[in-house]
Asker: 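Quick one: the structure is below, and I'll ask about it shortly.
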Amino acid sequence: MQPVQPQKFVAYYRVSTQKQGAEGLGIEAQRAAVKAFANGNVIAEFTEVESGGKNDRPEITAALAHAKSNKATLLIAKMDRLSRNSAFINNLLEAGVDFVAADQPHATPLTIRILAAVAQEEREQISKRVKLALAVAKQRGVKLGGAHQSKMDKADNFANALTETIRALKESGFDTPAAIARQLNKMGITTPRGAQWGVGQVVRLLLRLGDKSNDHSV
C-alpha cells in the first residue's frame, strides 16, 4: 500500500497598504494562522498588497496557477483576505483549484458564496452610511468653507497620523464607526481635543481620510 501523501498548500496573504506590506503588519498574523493549519506543508507563499474591493490582483492569479500545477490547495488565513466581492469568489470557485480558509475549514462552496455575498452587502451598506453622514454633515454646516487653513492642516495631519491605525483595525474586523471608536478608546488614543471617541468623531475622521484611500469599507 502506498503511503498517504500529506496535503500540499499554497499560501496567499493580502494586506491593504504598501506600508503594511513592507512592515509585515497583518501578514505575520495571517502567516501564523496558515502555519498552524498547514502543519508545515506550505510549498509556496504569495503576498498581495491591494484593497479587498479590487479584483485585478496578479499575486492571487500566480498563487492559483502554482497551486494548480502542483496539485496543491490554496490556503488563506481568513475568508475576508480573498475578497469582499461575491463575483470574484464565484470566479475563484470555478477556477478548478481547491482552496480553504483556516477560519472556515469546513465551508462548502455554497457557504463560501453566501459569506462573500454577506461581506459585500455589509461593505456596500457601510459605504452608504458614511456617504449619508457626509451629506448630513454638509447640510448642518459641520465642514465650514471659511475654516482657517492652519486649522484644516492640523486636522489633516491628525487624520493622516491615524491612517495606519484605522487600516489595521479594519484588517482586524473592526469595520464600523462604533467598533472603531471602542477600539481607539481601549487603545488610549484620544481625539484632537483629548476626549474619548464617539461614533460622530470617527465618521468625521473616516470622511477626512476618504479622499486619501480607495477603501471605504468602514
Asker: Between Ala33 and Ala102, what is the shortest heavy-atom contact and its length?
Answerer: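 Smallest interatomic distance, heavy atoms only, reads O-CB, 4.1 Å.
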Asker: Strictly by modelled atom types, are Glu59 and Tyr12 linked by a side-chain donor-acceptor pair under 3.5 Å?
Answerer: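 No, no side-chain donor-acceptor pair sits under 3.5 Å.
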Asker: If you take all heavy atoms of Val10 and Ala72, which pair is closest and at what distance?
Answerer: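 Heavy atoms of Val10 and Ala72 come nearest at CG2-CB, 4.0 Å.
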Asker: For residues 35-46, please give each side-chain donor-acceptor pair under 3.5 Å, one per line with the distance, not counting sequence neighbours.
Answerer:
{"residue": "Asn41", "atom": "ND2", "partner": "Ala38", "partner atom": "O", "Å": "3.3"}
{"residue": "Glu45", "atom": "OE2", "partner": "Tyr13", "partner atom": "OH", "Å": "2.8"}
{"residue": "Glu45", "atom": "OE2", "partner": "Arg31", "partner atom": "NE", "Å": "3.4"}

Asker: Could you pull out the closest heavy-atom pair between Ala67 and Leu74, with the gap in Å?
Answerer: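 So the two residues come closest at CB-N, 4.4 Å.
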Asker: Look up atom CG in Asp175 and atom CG in Leu169, then write down how far apart they are to the nearest 0.5 Å.
Answerer: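 Going from the CG atom of Asp175 to the CG atom of Leu169 covers 10.5 Å.
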Asker: Taking atom NZ as the centre, does Lys8 end up with more than 12 heavy-atom neighbours from other residues, nucleotides or ligands that are less than 6.0 angstrom away?
Answerer: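 Enclosed: over 12 neighbouring heavy atoms sit under 6.0 Å from NZ of Lys8.
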Asker: So, using side chain to side chain contact (heavy atoms under 4.5 Å, CB included) as the criterion, who are the partners of Thr190 when residues are at least two apart?
Answerer: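 Checked Thr190 against side chain to side chain contact (heavy atoms under 4.5 Å, CB included); zero matches.
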Asker: Mind checking the CG-CD1 spacing from Leu162 to Ile189? Nearest 0.5 Å is all I need.
Answerer: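 One finds 6.0 Å between CG of Leu162 and CD1 of Ile189.
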Asker: Under the 3.5 angstrom rule, does the side chain of Gln201 hit a backbone N or O of Gly198 as a donor-acceptor pair?
Answerer: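 Such a contact is found between Gln201 side chain and Gly198 backbone.
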Asker: Show the nearest heavy-atom pair for residues Pro177 and Leu206, with the distance to one decimal.
Answerer: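 Heavy atoms only, the tightest pair is CG-CD1, 4.3 Å.
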Asker: Can you name the side chain to side chain contact (heavy atoms under 4.5 Å, CB included) partners of Asn185, sequence neighbours left out?
Answerer: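 Partners of Asn185 under the side chain to side chain contact (heavy atoms under 4.5 Å, CB included) test: Gln196, Trp197.
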Asker: Locate the shortest heavy-atom distance separating Arg208 from Ala159; write the atom from each residue and the value.
Answerer: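 Smallest interatomic distance, heavy atoms only, reads CD-CB, 3.7 Å.
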Asker: Can you find a heavy atom in the side chain of Thr165 that is under 4.5 Å from one in the side chain of Leu184?
Answerer: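 Sidechains of Leu184 and Thr165: in contact.
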Asker: Using the side-chain hydrogen bond (donor to acceptor under 3.5 Å, both in side chains) criterion, which residues pair with Thr61? Sequence neighbours excluded.
Answerer: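 Expected list: none.
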Asker: If the test is side-chain contact (heavy atoms from CB on, under 4.5 Å), which one of Asn70, Asp98, Val100 qualifies with Phe9?
Answerer: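 With Phe9 as partner, Asn70, Asp98, Val100 yield a single side-chain contact (heavy atoms from CB on, under 4.5 Å), made by Val100.
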Asker: Measure across Ala101 and Lys78 and return the closest heavy-atom pair with its distance rounded to 0.1 Å.
Answerer: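 Minimum heavy-atom contact is CB-C, 4.3 Å.
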